[in-house]
2 protein chains.
Amino acid sequence: MADDPLKLDTFICFALYSANHAMNRLYKPMLDALNLTYPQYLVMVTLWEEDGQTVGGIGEKLFLESSTLTPLLKRLEAAGFIQRIRSKEDERQVLIHLTSEGVALKKKAASIPACILDASDHTVEELTRLKAEITTLRAALSKNAA
Amino acid sequence: MADDPLKLDTFICFALYSANHAMNRLYKPMLDALNLTYPQYLVMVTLWEEDGQTVGGIGEKLFLESSTLTPLLKRLEAAGFIQRIRSKEDERQVLIHLTSEGVALKKKAASIPACILDASDHTVEELTRLKAEITTLRAALSKNAA
DNA sequence: TACAATTATTTATCGCACGATTTAGGCAAT
DNA sequence: ATTGCCTAAATCGTGCGATAAATAATTGTA
C-alpha cells in the first residue's frame, strides 16, 4: 500500500486539483459580485496590467488557446468590460481594450487580494515562495508535455 | 506597479490554476488511452484504494458534490468500469463497486506515475514536500471559505 | 503570382461544476 | 403509528471552459 505507485502521483496532481478548486470556491462569491468567472478574472488582471493586448498575447500569458479565449472575450465584451478591435497595422490581430467600465472594475476588485491572503493562513512571504515553487513545477510540466 | 495588490493575489491563484492546467494536459493523452477524464481518474484512484465506497464518501475525499458525482459516476458505469448498487443496510446510499474491467484498468494506469514524476523534473522528496504544502494551503482555504 | 505562415474565428462536442429542488429512506419523539 | 426532521442521492437547469479540427482572412515570402 505504501509503495503503491498510484499513490504519490495521485496526490501531487490531486493536491493541485483540489487546491485550485478550493481557491475557486473562495473567489466565487467575490467574483460573482463583479460578474466575472475565474478565468475571466485572470484575463481582466492581465489587461489591468497592460491594456490593448492581442488575443494571442493574452493566451501566451495565461496558457490558453484562442479557441478558448475568443468566446470568453466575447462574454467579457457582452458584459461591457472590454472591446475587441481589429488592429490597423495587422488586420489578422484583434486588440483587446478595456472599456471605462472595465477600468472601473479594478477598483472593485482591489479588496480581493487581502481576502485571499487572509483566508490562506499564510504570510505574504510564504505564499510568494510557494507560488514560485508551483510556477517552477508548472514550467517543467509544460516543457515536458509535448 | 510592484506594490499593486492585485499582483500577488493573482499569481498565487494563477500559479495553482496554470499548474493544474499543465498537469491536465500532461495527463490527457495517457487518460485518453484509458478512456478516462481527469476527475474520473481521481474517482477511480480512490476506488482502487478502497472499493465499495458511497457517493458521499467519494465526494468527501475529492471535495465534490453529489450533483457533480452522480453524472460522472453514470459515465463511468456506462464505460463499464464501475457498478452503482444501492446499499441494503441503508437504501439511501449508493455503493460504488469496481467491475473486473475497473480493477483491470489499474494495471494500465500503473505506468502513469512514473511519467508524471519524470516530466516534473523533481525528485520524489521534493514533490512530496510540495504536495504537503499545497495540501496545507488547500485546507486553510477550505476552512475559511464559508 | 503562387505558396506558406500567422492570427483569430468557427464548429462541434463534451464534461465539469453549481444552485436549487426533489425524492426516498432513515430515525427519533411523542 | 404518525409526525416531523435529517440525510443521501438524484434531478433539473444553466453555463462555462476546454479541445480538436476546419475555415477565413491577412501577411510575408520565394
Side-chain angles (χ1 to χ4, degrees), chain A residues 14 17-18 20-32 34-44 53-60 62-79 82-96 145-146, chain B residues 14 17-18 20-32 34-44 53-60 62-79 82-96 145-146:
Chain A
F14 176 56
Y17 169 80
S18 62
N20 181 52
H21 213 261
M23 192 68 88
N24 239 304
R25 283 174 165 147
L26 194 59
Y27 268 97
K28 183 133 206 315
M30 302 187 248
L31 293 183
D32 278 352
L34 303 184
N35 239 308
L36 289 176
T37 67
Y38 192 69
Q40 286 170 10
Y41 169 73
L42 293 176
V43 168
M44 291 303 290
Q53 296 184 70
T54 65
V55 175
I58 296 172
E60 212 170 318
L62 300 184
F63 310 104
L64 294 174
E65 304 298 318
S66 71
S67 53
T68 299
L69 279 174
T70 296
L72 188 155
L73 291 169
K74 283 186 176 178
R75 285 188 280 272
L76 284 178
E77 187 176 40
I82 65 165
Q83 248 187 326
R84 297 157 57 244
I85 301 168
R86 208 157 271 279
S87 164
K88 302 271 181 182
E89 293 82 43
D90 185 341
E91 294 205 7
R92 291 171 301 181
Q93 297 182 334
V94 169
L95 302 177
I96 309 301
Chain B
F14 175 56
Y17 171 80
S18 60
N20 181 52
H21 213 262
M23 192 67 88
N24 241 304
R25 283 173 165 148
L26 194 59
Y27 268 97
K28 183 132 206 312
M30 304 187 247
L31 293 183
D32 278 351
L34 303 185
N35 239 306
L36 289 176
T37 66
Y38 194 69
Q40 286 169 11
Y41 169 73
L42 293 177
V43 169
M44 291 303 290
Q53 295 184 68
T54 65
V55 174
I58 296 171
E60 210 169 320
L62 301 184
F63 310 104
L64 294 174
E65 304 298 318
S66 74
S67 54
T68 299
L69 278 175
T70 296
L72 187 155
L73 291 169
K74 283 186 176 179
R75 284 188 281 272
L76 285 178
E77 187 176 41
I82 64 163
Q83 250 188 323
R84 297 159 58 244
I85 302 168
R86 208 157 270 280
S87 164
K88 300 271 181 180
E89 292 82 44
D90 185 340
E91 294 205 8
R92 290 171 304 179
Q93 297 183 333
V94 169
L95 302 177
I96 309 300

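As the structure is a computational prediction, the values presented were derived from the model and not from experiment. We name chains A, B, ... by the order of the sequence lines, and we start the count at 1 in each one.
What separates OH of A:Y27 from P of D:dC16 is a distance of 20 Å, to the nearest Å. In this structure, the CE atom of B:M23 is 16 Å from the P atom of D:dA18, given to the nearest Å. Going from atom OH of B:Y41 over to atom C1' of C:dC16 covers 19 Å, rounded to whole Å. Between the C1' atom of C:dG15 and the NE2 atom of A:H21 lies a distance of 13 Å, rounded to the nearest Å. The distance from atom OH of A:Y17 to atom P of C:dG15 is 15 Å, rounded to the nearest whole Å. In this entry the distance linking CG of B:L36 with C1' of C:dC14 reads 15 Å, nearest Å. Counting to the nearest Å, the P atom of C:dG15 and the CG atom of B:L42 are 16 Å from each other. Here D:dA8 presents its C1' atom at 11 Å from CG of B:L95, a figure rounded to the nearest Å.
Listed by chain and residue number, nothing satisfies the side-chain hydrogen bond (donor to acceptor under 3.5 Å, both in side chains) test with B:E65 (two or more places apart in sequence, or in another chain). Under the ring pair (Phe, Tyr, Trp, His ring centres under 6.0 Å) criterion, B:Y41 pairs with B:Y27, sequence neighbours left out. With sequence neighbours left out, B:Q93 forms a side chain to side chain contact (heavy atoms under 4.5 Å, CB included) with B:T54, B:S87, B:D90. Every side-chain hydrogen bond (donor to acceptor under 3.5 Å, both in side chains) that B:Q53 has, sequence neighbours left out, goes to B:K61. Not counting sequence neighbours, A:F14 has no partner by the ring pair (Phe, Tyr, Trp, His ring centres under 6.0 Å) test.
The side chain of A:Q93 sits closest to C:dT7 out of C:dT9, C:dT7, C:dC18. Comparing atom distances between the A:Q40 side chain and each of D:dC16, D:dA18, C:dT9 picks out D:dC16 as nearest. Residue B:D90 places its side chain closer to C:dG25 than to any other of D:dA18, D:dT27, C:dG25. The side chain of B:P39 has C:dA17 as its nearest neighbour among C:dA17, D:dA10, C:dT9. The nucleotide whose nearest atom lies closest to any side-chain atom of B:K74 is, among D:dT11, D:dC16, C:dC18, D:dT11.
Remark: of the listed residues A:M44, A:Q40, A:R75, A:K74, A:M44 is the sole one forming a side-chain contact (heavy atoms from CB on, under 4.5 Å) with A:I82.
By the 4.5 Å heavy-atom criterion applied to side chains, A:L95 and A:R86 are not counted as neighbours. Residues A:L64 and B:H21 have side chains in contact (heavy-atom distance under 4.5 Å, counting atoms from C-beta outward).
The nearest heavy atom of DNA chain C to A:P71 and to B:E65 marks one nucleotide each, and the one closer to the 5' end goes with A:P71. Annotation: of the two residues near DNA chain C, B:E89 and B:T37, the 5′-most nearest-nucleotide partner is B:T37.
Between A:R25 and the phosphate of C:dA17, there is no side-chain N or O to OP1/OP2 separation shorter than 4.0 Å. For B:R75, no side-chain nitrogen or oxygen approaches OP1 or OP2 of C:dC14 to under 4.0 Å. Of the side-chain N and O atoms in B:T70, one or more sit less than 4.0 angstrom from OP1 or OP2 of D:dA10.
Residue A:F63 is classed as having no contact, given no heavy-atom separation below 4.0 Å to the nucleic acid. Residue A:Y38 is classed as having no contact, given no heavy-atom separation below 4.0 Å to the nucleic acid. Using a 4.0 Å heavy-atom distance criterion, A:L69 is classed as making no nucleic acid contact.
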Can you check nucleotides 19-24 of chain C for protein contacts, nitrogen or oxygen pairs under 3.5 Å, and list what you find?
none

